[in-house]
Amino acid sequence: MNILETVKEGVKNAIENLYSEKIEAGSVILNPTRKEFDGDYTLVVFPYTKIGKKSPPQIAEEIGNYLQTNVSEISGFNVVKGFLNFSFSDEFWKGFLSQNVDNQSFGKGEPTGKKVMVEFASPNTNKPLHLGHIRNILLGWSSSKILKAAGNEVVNVQIINDRGIAICKSMLAWKKFGEGGTPENTGKKGDHFVGKFYVEFESKFKAEYTAWQQSEEGIEHFLSHKKGEQTEEEYFKKYKQSYFNNQSQLGKAAKEMLLKWEAGDEETVALWKKMNGWVYDGFEVTYDSLGVDFDKLYYESNTYLLGKEMIEKGLNDKVFFKKEDGSVWIDLTDAKMDEKIVLRSDGTSVYITQDIGTANLRYQDFGVEKMVYVVADEQDYHFKVLFETLKRLGEPYATDLHHLSYGMVDLPTGKMKSREGTVVDADDLIAEVIEEVRKNSVERGEIEELSPEERNEIYRRIGLAALKFFIIKVGPKKRMIFDPKESVDLQGQTGPYVQNAYVRIQSILRKAATQEIDLAIGDNYVKIEAQEKELLTSLFTYPSLIQLAAKDLDPSSIANFCYNLAKDFHKFYHDHSILKAESEEAMAFRIQLSKMVATVLASAMDLLGIEMPERM
RNA sequence: GGCCUGGUAGCUCAACUGGAUAGAGUACCUGACUACGGAUCAGGAGGUUGCAGGUUCGAACCCUGCCCGGGUCACCA
């Protein structure tokens with residue numbers, strides 16, 4: 001049994017013995033004692049004042065006495081108002097350290113036998129990845145790692161939105177203005193190459209639309225259609241979509257292309273395959289530099305027709321109902337949602353139809369019992385509807401569906417808008433942070449004697465750590481402001497700060513290895529000091545933190561843990577000599593403690609997808 | 001307008017899910033290395049937790065009302 005559970009059991013027994021009242025051991029809440037007080041863990045006794053019918057300090061005193069005599073690991077306690085702070089014995093802590101110091105998988109949970117799917121990334125194929133995708137990918141990847149560490153079997157998937165009008169725009173622009181260019185013969189990365197044509201299409205369309213607005217026909221149209229005091233600008237902004245669908249030459253051409261694609265026209269499909277292929281090659285490079293990969297890719301071109309049979313079945317089961325025009329709906333008003341369409345009157349699918357079908361397909365492919373969708377919070381409502389619908393359909397996995405919803409990323413100048421060219425490109429950003437680290441490192445001159453390959457690898461690890469940590473440390477739900485300048489900060493609450501703690505420890509361990517040191521933690525080192533205790537209690541919470549992070553799907557809690565542990569170590573390192581400790585026993589103890597700190601830091605950072613350098 | 005979501009130091013974020021004097025980083029001032037690596041450490045200054053009520057021994061957190069951002073309410077995806 002875990003020591004904390006032992007203590008909870010102890011509290012339960014104390015209350016039963018002292019006040020003849022039964023409580024659940026699980027209801028007992030223990031918190032790590034705050035730094036400014038003495039003790040390892042704290043029991044808040046206010047909840048028991050009614051049961052004990054005494055003042056809080058009295059009750060704390062009584063429970064404290066009971067615990068001290070009945071729980072062998074507890075060596076002492078003190079009472080501050082209604083707070084009972086108790087300490088574990090030094091023997092307990094030394095045992096904890098020597099038992100776990102060489103355990104590389106310390107903190108990882110027991111196998112749960114559960115299979116979990118995580119869907120993330122899921123880009124469109126008409127333009128390269130940007131900052132928003134990076135947040136998505138980092139959250140998805142680290143959630144996946146955390147779920148795995150918590151003992152689950154995890155499958156990473158993404159669904160690629162490879163069809164639709166957007167890619168047709170790129171295709172059309174390439175056909176018209178591409179002049180036979182390819183990523184190979186222009187030396188451009190595939191996704192950027194295709195994205196360029198998407199942008200070109202949009203700007204040509206804009207030119208066409210603007211020209212029409214200024215033509216006699218356009219002006220007449222405005223005058224006869226405007227509502228009230230509407231300005232031209234307002235009106236034409238709203239009318240844009242209609243113009244594209246009904247009047248635009250370019251719009252017409254793009255739509256024709258989409259129809260041809262849907263009809264399976266050979267030439268169109270071949271072009272579509274070719275251009276998407278370029279994009280995939282480009283994405284692959286970006287995923288690779290972020291250090292992520294997937295177990296399976298789903299393509300929307302294969303899944304967009306799925307789900308219709310399930311609608312059929314749901315109709316029979318009265319989950320759905322049909323309107324007069326033949327469209328199919330679900331009524332979720334009793335669950336405080338609306339009526340939602342699930343199949344059009346012409347019998348074709350909508351967005352949610354294919355999501356229903358895809359969920360089912362995944363269940364058949366992998367037998368996952370739990371699914372996590374990493375998607376921005378603008379789709380909160382969609383997922384509420386999807387999950388409720390799947391539940392009503394009685395799908396076996398429907399009780400364990402989660403939307404890891406995250407806030408959009410803003411720039412200090414405001415929202416990112418691809419149309420206005422204010423997006424931060426993923427590849428550029430990655431290259432930038434690494435370059436910044438390189439410049440910085442050259443200035444320091446610490447690792448000059450290493451080979452260029454080794455140095456580049458170190459720059460890469462540090463640069464990515466800075467970027468990833470900067471993004472992951474913010475709670476997912478929070479809309480975040482991304483300042484490119486701050487993302488390359490290497491000091492303070494940053495990835496490199498954590499890496500630096502690790503590197504310092506490695507340096508000590510290298511030095512220690514050259515000396516003959518007895519690393520056994522004996523009984524002679526009697527008094528564990530306050531800062532050592534802080535490190536130990538921090539390490540001690542790591543296993544439960546992984547479980548909590550997995551339950552909450554919150555990688556930011558791991559990032560904050562890394563920072564705090566690194567911070568405590570830096571302080572400890574500054575105030576205590578390790579290799580020149582006052583005694584052999586102290587040295588052995590501190591080396592072992594440092595070693596475990598390094599192991600846990602590396603393990604926790606790995607959960608964030610961040611690699612540790614050995615030197616920096 | 002309905003629903004969802006957020007509002008904490010100048011700025012970027014925490015707060016172990018209702019606990020102790022609301023903490024970090026950054027920016028601004030000050031101090032600390034002839035070294036177990038200064039990508040570090042210590043100190044100063046910086047707060048009516050959007051506002052007003054309520055519940056509680058105890059509220060940034062729960063309830064009510066209001067104010068300000070963002071999202072969403074398509075036979076788009």
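Chain letters run A, B, ... following the sequence lines, proteins first and then strands; every chain starts at 1. Everything quoted here is computed from the prediction, not taken from an experiment.
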Worksheet item: Which class fits the ring pair A/Tyr373 and A/Phe383: parallel under 30°, tilted 30 to 60°, perpendicular over 60°?
Response: tilted
Discussion item. Taking B/U8 as the reference, what is the distance to B/C51 when you measure between their P atoms (whole Å, please)?
Written reply: 10 Å
Worksheet item: From the list B/A20, B/G37, B/A39, which nucleotide is the closest neighbour of the side chain of A/Lys81?
Response: B/A20
Discussion item. Going by centres under 5.5 angstrom and planes under 30 degrees, do the aromatic ring of A/Phe37 and the base ring of B/A20 stack?
Written reply: yes
Discussion item. With a cut-off of less than 4.0 Å, is there a side-chain N or O of A/Lys384 near OP1 or OP2 of B/U72?
Written reply: no
Worksheet item: A/Ile29 has a side chain; which of B/A77, B/A39, B/U17 sits nearest to it?
Response: B/U17
Worksheet item: Please give, in whole Å, the distance from B/C13 C1' to A/Lys477 NZ?
Response: 15 Å
Worksheet item: Taking the P atom of each, how far is B/C62 from B/G46, in whole Å?
Response: 30 Å
Worksheet item: Would one find a side-chain N or O of A/Arg34 under 4.0 angstrom from OP1 or OP2 of B/A20?
Response: yes
Worksheet entry | Among B/C57, B/A20, B/U26, the one nearest A/Asn85 by side-chain distance | B/A20
Worksheet entry | Aromatic-base stack, A/Tyr381 on B/C3, cutoff 5.5 Å, angle under 30 | no
Fill in: Pairing stems for RNA chain B [at least three consecutive pairs; Watson-Crick or G-U; under 3.5 angstrom]
B:1-7 with B:67-73, B:10-13 with B:23-26, B:28-32 with B:40-44, B:50-54 with B:62-66
Worksheet item: Does OP1 or OP2 of B/C41 have a side-chain N or O of A/Tyr497 closer than 4.0 Å?
Response: yes
Worksheet entry | A/Lys567 side-chain proximity, nearest of B/G37, B/A24, B/A20 | B/A24
Worksheet item: With nearest nucleotides of RNA chain B determined for A/Gly492 and A/Asp338 from heavy-atom distances, which residue corresponds to the more 5′ nucleotide?
Response: A/Gly492
Worksheet item: In terms of side-chain heavy atoms of A/Ser577, which of B/C36, B/G37, B/A39 is nearest?
Response: B/C36
Practice prompt. Could you state the atom-to-atom distance from CG of A/Asp377 to P of B/G71 in whole Å?
Written response: 9 Å
Worksheet item: A/Thr494 and A/Asp489: side-chain donor and acceptor closer than 3.5 Å?
Response: no
Worksheet item: Do A/Tyr351 and A/Gln379 get their side chains close enough for a donor-acceptor pair, meaning under 3.5 Å?
Response: yes
Discussion item. Looking at B/C76, I'd like to know if its phosphate oxygens (OP1 or OP2) sit under 4.0 Å from a side-chain N or O belonging to A/Arg344.
Written reply: yes
Practice prompt. For the pair A/Arg590 and A/Glu582, find out whether any cationic side-chain nitrogen is under 4.0 Å from an anionic carboxylate oxygen.
Written response: yes
Worksheet entry | Stacked pair A/Phe83-B/A20, distance under 5.5 Å, angle under 30° | yes
Item to complete: Send over the distance from A/Asp552 CG to B/U17 C1', rounded to a whole Å.
Response: 8 Å
Item to complete: Report yes if a donor N or O on one partner sits less than 3.5 Å from an acceptor N or O on the other, where the partners are the side chain of A/Ser345 and the base of B/C75; otherwise report no.
Response: yes
Discussion item. Distance check needed: B/C4 P versus A/Leu332 CG, whole Å only.
Written reply: 15 Å
Worksheet item: Could you state the NZ-P distance from A/Lys340 to B/G2, rounded to the nearest angstrom?
Response: 19 Å
Discussion item. Quick check on B/U17: is either OP1 or OP2 less than 4.0 Å from any side-chain nitrogen or oxygen of A/Asn31?
Written reply: yes
Worksheet item: Under 6.0 Å between the ring centres of A/Phe470 and A/Phe482?
Response: yes
Worksheet item: Whole Å only: how far is the OH atom of A/Tyr573 from the P atom of B/C36?
Response: 7 Å
Worksheet item: Charged N to carboxylate O below 4.0 Å: is that the case for A/Glu339 and A/Lys323?
Response: yes
Worksheet item: Which residue lies toward the 5' end of RNA chain B, A/Val474 or A/Lys551, if each is placed at its nearest nucleotide?
Response: A/Val474
Practice prompt. Starting at atom NZ of A/Lys35, determine the distance to atom P of B/A22, rounded to an integer number of angstrom.
Written response: 17 Å
Worksheet item: Any idea which of B/U12, B/U26, B/C41 is nearest the A/His570 side chain?
Response: B/C41
Discussion item. Could you check whether A/Glu532 and A/His576, counting side-chain N and O atoms only, form a donor-acceptor pair closer than 3.5 Å?
Written reply: no
Worksheet item: Given side chains that start at C-beta, do those of A/Tyr299 and A/Arg163 come closer than 4.5 Å, heavy atoms only?
Response: no
Fill in: Polar side chain donor-acceptor pair, A/Ser87 to A/Asp40, under 3.5 angstrom
no
Discussion item. Roughly how many Å apart are B/G6 and B/U64, using the P atom of each and rounding to a whole number?
Written reply: 15 Å
Worksheet item: Any side-chain N or O of A/Lys511 under 4.0 Å from OP1/OP2 of B/C36?
Response: no
Discussion item. Measuring from the side chain of A/Lys571 (C-beta onward, heavy atoms only), which nucleotide among B/C41, B/C36, B/A14 has the closest atom?
Written reply: B/C41
Practice prompt. Give a yes/no verdict on base stacking between B/G58 and A/Phe46: centres under 5.5 Å, planes within less than 30° of parallel.
Written response: no
Discussion item. Looking at A/Arg460 and A/Glu611, is any side-chain nitrogen of the basic one under 4.0 Å from a carboxylate oxygen of the acidic one?
Written reply: yes
Worksheet item: Base, sugar-phosphate alone, or nothing: which one does A/Asn500 contact when heavy atoms must sit under 4.0 Å apart?
Response: sugar-phosphate
Item to complete: Check the distance between B/C13's C1' and A/Ile471's CD1 and give it to me in whole angstrom.
Response: 14 Å
Item to complete: Would you please confirm or rule out a distance under 4.0 Å between OP1 or OP2 of B/C3 and any side-chain N or O of A/Lys336?
Response: no
Worksheet item: Contact class for A/Met408 (heavy atom, under 4.0 Å): base, sugar-phosphate, or nothing?
Response: nothing
Worksheet, complete the sentence: Ranking B/G25, B/U17, B/G38 by distance to the side chain of A/Arg504, first place goes to B/G38
Fill in: A/Arg615 side-chain proximity, nearest of B/A24, B/U12, B/G37
B/G37
Practice prompt. With P as the reference atom in both, quote the distance from B/G7 to B/G18 in angstrom, rounded to an integer.
Written response: 15 Å
Item to complete: Just compare B/G37, B/C11, B/A20 and give me whichever is closest to any side-chain atom of A/Ser507.
Response: B/G37
Worksheet item: Between the side chain of A/Thr348 and the main-chain N/O of A/Arg344, is any donor-acceptor distance below 3.5 Å?
Response: no
Worksheet item: Looking at B/A39, does its base get a donor-acceptor pair with the side chain of A/Thr494 below 3.5 Å?
Response: no
